[in-house]
Amino acid sequence: MSLASRAFRFGVNMLAVDSGASWQRRAQHVEELGFDVLLVPDHLGIPSPWPALATAAAATERLRVGPFVLNAAFTNPTLLARDVATVDQLSHGRVELGLGTGYVKEEFESAGIEFLPAGRRVDHLGDTVARTMSLLTDPDHTPRPVQERVPLLLGGNGDRVLRMAAEHADIVGFTAARTGRDGDLEPLSADDFAERVAFARAAAGDRAGTIEWNLLMQIVVVTDDATGVAEENIEKWELSMSPQEFLDLPSILIGTAADIADRLVELRETTGISYLTVLEPVLEQFAPVIELLRGVDARAEW
């Protein structure tokens, strides 16, 4: 049975800011290439999301903007609601709010914030979500966002975060990776990822058809030699798997533009995932895939 229920959307996670003029030009280029959402991650050592997002929104017309995703431990719900509402006003209602638990232990240590056990970080995320969304939807709270409800994306892989996302978020973001005790990431196999998707959809129940399902792609390479590229990456990362096993990893897209487009159509059919996020370095490579998938959607009725 097909789980496809939405047209494709495409986001790009931007990783660096240099000058204001350059950043604005890059945001405009993202829009020109056909992406729907410009995103900025929340990690130490790279730019702060909200100023970068406000500047990108001011330089573009339709591009939506959002953090992908904010570390809930690094923010306060009252201050976060103020930031979200302010940028939503400045962007005329184009903000999407992404939140997660935070997972890089070294960043917590650098910020002087205790790196709590996973369960307590999930508790804190739940409290942050509840308080922030309550403020954003409170008609008496100022500043007020333009949108009646700012779309909420919750990202993660564990049972509790996926259940929280399935019950409360507008967008569920899959990482296709499990997090180690100290924040190291291990990619999920195709079977393990399918189990995570099934778990989240089951947790969503009747909401499953109204949720937008997202996946972050870690590697995108448009090439005629998928096997060769897979072998290079296996050697680079010292992985113990075959080229085909590597190519089957959910967060990997390697092949011709047509092959990648076909794979994403199949992914949407089998999982309902229609919102794909890629990293900034592959902007140009991924643009032809967007064009092909827009054509697929143009021939369908949504």
Side-chain angles (χ1 to χ4, degrees), residues 1-4 6-13 15 33-37 39 41 68 103 155-158 162 172-180 184-201 212-297:
M1 181 180 68
S2 171
L3 297 179
R6 288 177 178 262
F8 282 108
R9 281 208 310 159
F10 306 97
V12 57
N13 224 10
L15 305 176
L33 288 175
F35 285 86
D36 300 288
V37 194
L39 302 156
F68 194 86
Y103 63 90
N157 181 68
L162 287 180
V172 175
F174 292 106
T175 60
R178 58 174 59 89
T179 306
D184 52 310
L185 294 177
E186 176 189 347
L188 296 182
S189 68
D191 288 343
D192 287 344
F193 179 65
E195 184 277 327
R196 292 287 78 195
V197 173
F199 175 89
R201 293 189 68 92
E212 186 173 37
W213 304 90
N214 168 270
L215 177 59
L216 170 62
M217 295 299 179
Q218 297 290 346
I219 296 177
V220 178
V221 181
V222 177
T223 177
D224 293 326
D225 183 15
T227 300
V229 173
E231 290 172 343
E232 291 173 3
N233 277 275
I234 289 170
E235 181 178 357
K236 176 182 178 181
W237 299 108
E238 300 180 348
L239 302 174
S240 299
M241 62 179 63
S242 70
Q244 189 57 55
E245 288 173 327
F246 184 82
L247 293 171
D248 288 341
L249 291 175
S251 58
I252 304 296
L253 291 175
I254 301 175
T256 65
D259 289 340
I260 291 174
D262 288 344
R263 181 175 176 185
L264 293 176
V265 169
E266 181 181 4
L267 180 74
R268 184 173 65 176
E269 292 283 331
T270 57
T271 66
I273 292 171
S274 59
Y275 175 15
L276 291 310
T277 303
V278 301
L279 302 177
E280 181 181 7
V282 302
L283 270 176
E284 304 289 344
Q285 286 195 67
F286 196 67
V289 178
I290 292 179
E291 185 175 357
L292 289 171
L293 292 175
R294 295 290 190 215
V296 171
D297 281 346

Heavy atoms, side chains only, cut-off 4.5 Å: are [X] and [Y] in contact?
X      : Y      : value
Leu283 : Val278 : no
Asp191 : Glu195 : no
Leu253 : Phe286 : yes
Val197 : Trp213 : no
Ile219 : Asn233 : yes

Could you go through Asp192 and Arg178, starting from their C-alpha distance and side-chain angles, then the distance that decides it, and tell me whether this counts as side chain to side chain contact (heavy atoms under 4.5 Å, CB included)? CA-CA 10 Å; Asp192 287 344; Arg178 58 174 59 89; 3.3 Å; yes
Give, for atom [atom1] of [X] and atom [atom2] of [Y], the distance between the pair rounded to the nearest 0.5 Å.
X      : Y      : atom1 : atom2 : answer
Glu245 : Leu249 : CD    : CG    : 8.5 Å
Leu247 : Ile234 : CG    : CD1   : 7.5 Å
Ile260 : Ile290 : CD1   : CD1   : 11.5 Å
Arg6   : Ile273 : CZ    : CD1   : 13.0 Å
Leu215 : Thr271 : CG    : OG1   : 8.0 Å
Leu188 : Thr175 : CG    : OG1   : 6.5 Å

Measure from NZ or CZ of Arg294 to the centre of the six-membered ring of Phe8, then state whether that distance is under 6.0 Å and the direction lies within 45° of the axis.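 Arg294 over Phe8 ring: no.
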Taking [X] for its side chain and [Y] for its backbone only, find out whether a donor-acceptor pair lies under 3.5 Å.
X      : Y      : answer
Asn214 : Tyr275 : yes
Arg268 : Ser274 : no
Thr223 : Ala226 : no
Glu280 : Leu15  : yes
Gln285 : Val222 : yes
Asp36  : Phe10  : yes

query: For residues 229-238, which residue pairs qualify under salt bridge (Lys or Arg N to Asp or Glu O under 4.0 Å), counting only residues two or more places apart or in two chains?
result: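 Residue pairs with at least one partner in residues 229-238: there are none.
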Under the side chain to side chain contact (heavy atoms under 4.5 Å, CB included) criterion, do Leu216 and Leu279 qualify, and how do the steps go?
-> CA-CA 8 Å; Leu216 170 62; Leu279 302 177; 4.1 Å; yes
Item to check | Atom of Arg196, atom of Asn157 and distance for their closest heavy-atom approach | outcome: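 Minimum heavy-atom contact is NH1-O, 2.9 Å.
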Query - Minimum-distance pair of heavy atoms, taken over all atoms of Leu33 and Ala287 - result: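 Taking Leu33 first and Ala287 second, the nearest heavy atoms are CD2-CB, 3.9 Å.
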Q) Between Met217 and Thr277, does a side chain to side chain contact (heavy atoms under 4.5 Å, CB included) hold up when you go through it step by step? A) CA-CA 6 Å; Met217 295 299 179; Thr277 303; over 6 Å; no
Practice problem: Answer yes or no: are there more than 12 heavy-atom neighbours, outside Glu266 itself, under 6.0 Å from its atom CD? | Solution: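 Atom CD in Glu266 is not packed in, count stays at 12 or less.
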>> Would you call the rings of Phe193 and Phe174 parallel, tilted or perpendicular, taking 30° and 60° as the class edges?
In response: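 Judged by the thresholds at 30° and 60°, the geometry between Phe193 and Phe174 is perpendicular.
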- Task: List the steps, then state whether side chain to side chain contact (heavy atoms under 4.5 Å, CB included) holds for Val172 with Leu162.
- Result: CA-CA 7 Å; Val172 175; Leu162 287 180; 4.2 Å; yes
